[in-house]
Amino acid sequence: MLSMTNVLLFLCEGLVYVAVMITLLHLRHLLGIGVFIAALGVLHFIETYLAAVFYVQLPFGVISPGSAVLFAGKLMMILLLYLKEDAATVRQPIYGLLAGNFLTVALGLLLQMHQTVSVVPNRTADLAFIDEMGWLMLWGTLLLYLDALLIILLYERLGRWVRGFLTLRFLLCGIVVLTFDQAGFYIALHALNGAPAEVFWGGWFAKMGAAVFYATMLGAYMHFSSHSRPFVSRQPIGDIFNTLTFRERYEDLLSKSGRDMLTGVLDRSRFEFEAPRLIRNAAASGGVVSLIMIDADHFKSVNDRFGHLEGDKVLKAIAAAIQSGLRQSDYFFRYGGEEFVVLCDGLDHAGALLRAEDLRNRVAADVVTADRAAVTVSIGIASTPVDGAAAQDLLSKADARLYEAKRRGRNCVVGNA
């Protein structure tokens, strides 16, 4: 009887939790997303405390509502936040919790250095408990970080295989990630508190029940609420991971570096980074990428006749002429010496031929040497998927066609025709 009462109480706790948190999320445009995120953060301490010391008897074992109700619910709320917003939003509570719990551990270590006095009769500060809770909270947050990444990426991967069955995807995500989390958190509980094996198994059964409960609740909410975003992101999974881990901020920083000092265009190291990413994303979305390889004709004679300073001026003028004919979405690199590469996302081979011809004409019209002689370029082109599905494939084909343009007399464009 007592264990069944505990089951009913668990269900009531779950209903209260999911009702309040979904309401806060649903009203985020009225209340602000910070209300929902703050609620997640406030509950983190109590869920860790309950998971450490508060256990009740259920028919299948001894479990804690901190793990089965609050933590499982939080993880599913993070997934729901991702669906309602995006990866850039959902990473905010994850990193906020991580930072706050690092601070908790640091302050706990400092607090233990105080010489305390007893003010309330028969009560003393249990700083060892604070220290223990800090480490548990930190470990739990590290697990939450991994859990959150895993549940979102798994949800997207399942969306490629199981379209439409939203509740089933919630359930499968919950089962896999909560199993991983239960194993990880039990390691810490056993190390710090000597928790017996039945705590692991009881908690695992409870979390599987929580996965069923929360998947049903979230599926019902998504069904009955207005939801304009697709159930599967159009972004490649790699880009979602990059956003969750702030890698796109790194790429933004990278965009401000990796430039050729002479011409100001991107350098070869940036090509090695950008080309595989661009081609991979195009393949995932069914798009195309064209690579245009450009080489200045008879450039050695410019350096020999006028010196390297004049040669540098010619290279800068070539780069400026090419840049003037590119779209904002094109990537322009100085690949080496007098050789340049342009990556054109979304431009097929026929379009790349026209673009290359325009670039050739711009250079011939705008760039001259010190004695007013026209400077020309030879160009080779390769495109996905006909010329390959990797950056090295496109480079190899474009390079061969560039040398074919040289063989034909220079100042011309050669493609795959």
Side-chain angles (χ1 to χ4, degrees), residues 251-279 289-347 351-383 391 394-395 397-406 410-415:
E251 292 177 4
D252 181 61
L253 178 64
L254 187 64
S255 70
K256 297 177 175 60
S257 61
R259 291 194 175 272
D260 176 56
M261 295 294 291
L262 176 66
T263 62
V265 304
L266 302 175
D267 63 16
R268 183 167 180 167
S269 68
R270 284 295 302 279
F271 175 85
E272 303 293 342
F273 176 82
E274 299 287 358
R277 181 186 66 83
L278 198 65
I279 293 170
V289 174
S290 289
L291 185 150
I292 302 174
M293 182 172 280
I294 305 167
D295 187 78
D297 295 328
H298 302 297
F299 185 75
K300 184 177 182 299
S301 68
V302 176
N303 282 332
D304 291 342
R305 286 186 294 147
F306 305 108
H308 287 281
L309 288 178
E310 184 62 27
D312 288 348
K313 290 181 182 179
V314 169
L315 282 176
K316 291 169 69 175
I318 292 173
I322 295 171
Q323 188 79 64
S324 69
L326 299 180
R327 306 169 301 175
Q328 190 174 2
S329 60
D330 293 332
Y331 289 78
F332 183 26
F333 309 88
R334 184 183 178 191
Y335 195 69
E338 65 272 20
E339 198 168 51
F340 298 89
V341 169
V342 179
L343 284 174
C344 302
D345 187 21
L347 196 65
L353 284 169
L354 294 175
R355 177 67 48 76
E357 192 64 37
D358 176 64
L359 298 178
R360 185 189 66 80
N361 288 329
R362 286 173 184 267
V363 173
D366 297 345
V367 184
V368 295
T369 61
D371 60 355
R372 309 305 296 172
V375 175
T376 63
V377 293
S378 300
I379 302 178
I381 302 173
S383 306
L394 298 188
L395 270 177
K397 294 288 179 64
D399 187 57
R401 289 163 187 164
L402 170 62
Y403 279 94
E404 174 62 18
K406 298 282 189 182
R410 297 179 170 81
N411 192 24
C412 64
V413 176
V414 175

#### Entry: With sequence neighbours excluded, residues passing side chain to side chain donor-acceptor pair (under 3.5 Å) with E357
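E357 satisfies side chain to side chain donor-acceptor pair (under 3.5 Å) with R360 once adjacent residues are dropped.
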### Residue list, side chain to side chain donor-acceptor pair (under 3.5 Å) with S383, at least two apart or on another chain
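With sequence neighbours excluded, S383 shows a side chain to side chain donor-acceptor pair (under 3.5 Å) to S290, H349, given in chain and number order.
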Nearest heavy atoms of [X] and [Y], plus distance in Å:
| X | Y | answer |
| --- | --- | --- |
| A319 | V265 | CB-CG1, 4.3 Å |
| V368 | A374 | CG1-CA, 4.2 Å |
| V367 | A321 | CG2-CB, 4.1 Å |
| A352 | I292 | O-CD1, 4.0 Å |

### Task
Quick one: list whatever passes salt bridge (charged side-chain N to carboxylate O under 4.0 Å, His left out) with D399, sequence neighbours left out.
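With neighbours one apart ignored, the set is empty.
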[atom2] on [Y] to [atom1] on [X], rounded to 0.5 Å:
| X | Y | atom1 | atom2 | value |
| --- | --- | --- | --- | --- |
| I322 | F340 | CD1 | CZ | 5.5 Å |
| I381 | L354 | CD1 | CG | 9.0 Å |
| D366 | I318 | CG | CD1 | 11.0 Å |
| F332 | I294 | CZ | CD1 | 6.0 Å |
| L347 | L353 | CG | CG | 9.0 Å |
| H298 | T376 | NE2 | OG1 | 6.5 Å |

### Message
Please check this pair: side chain of R259 against backbone of G264, looking for a donor-acceptor N/O pair closer than 3.5 Å.
### Response
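Yes, because the side chain of R259 sits within donor-acceptor range (under 3.5 Å) of the backbone of G264.
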### Residue list, ring pair (Phe, Tyr, Trp, His ring centres under 6.0 Å) with Y335, at least two apart or on another chain
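If we apply the ring pair (Phe, Tyr, Trp, His ring centres under 6.0 Å) test to Y335, skipping adjacent residues, the hits are F271.
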### Query
Is there any salt bridge (charged side-chain N to carboxylate O under 4.0 Å, His left out) pair reaching into residues 336-346, and which pairs are they, with sequence neighbours excluded?
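Non-adjacent pairs meeting salt bridge (charged side-chain N to carboxylate O under 4.0 Å, His left out): zero.
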#### Entry: Sequence-distant partners of A405, side chain to side chain contact (heavy atoms under 4.5 Å, CB included), two or more places apart
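A405 satisfies side chain to side chain contact (heavy atoms under 4.5 Å, CB included) with S378, C412, V414 once adjacent residues are dropped.
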### Query
Excluding sequence neighbours, so at least two apart, what forms side chain to side chain contact (heavy atoms under 4.5 Å, CB included) with A382?
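Residues passing side chain to side chain contact (heavy atoms under 4.5 Å, CB included) with A382: D387, L394, K397, A398, R401.
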### D297 and K406 ion-paired at < 4.0 Å
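Between K406 and D297 there is a salt bridge, with a charged N closer than 4.0 Å to a carboxylate O.
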Please report, to 0.1 Å, the donor-acceptor pairs under 3.5 Å made by any side chain of residues 304-315, with sequence neighbours excluded.
| from | atom 1 | to | atom 2 | distance (Å) |
| --- | --- | --- | --- | --- |
| D304 | OD2 | K300 | NZ | 2.9 |
| R305 | NE | S301 | O | 3.4 |
| R305 | NH1 | D371 | OD2 | 3.2 |

### Task
Provide the full list of side chain to side chain donor-acceptor pair (under 3.5 Å) pairs with a residue in residues 314-331, sequence neighbours left out, each pair given once.
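Pairs touching residues 314-331 that pass the test: R277-Y331, S324-R362, R327-D330, D330-R355.
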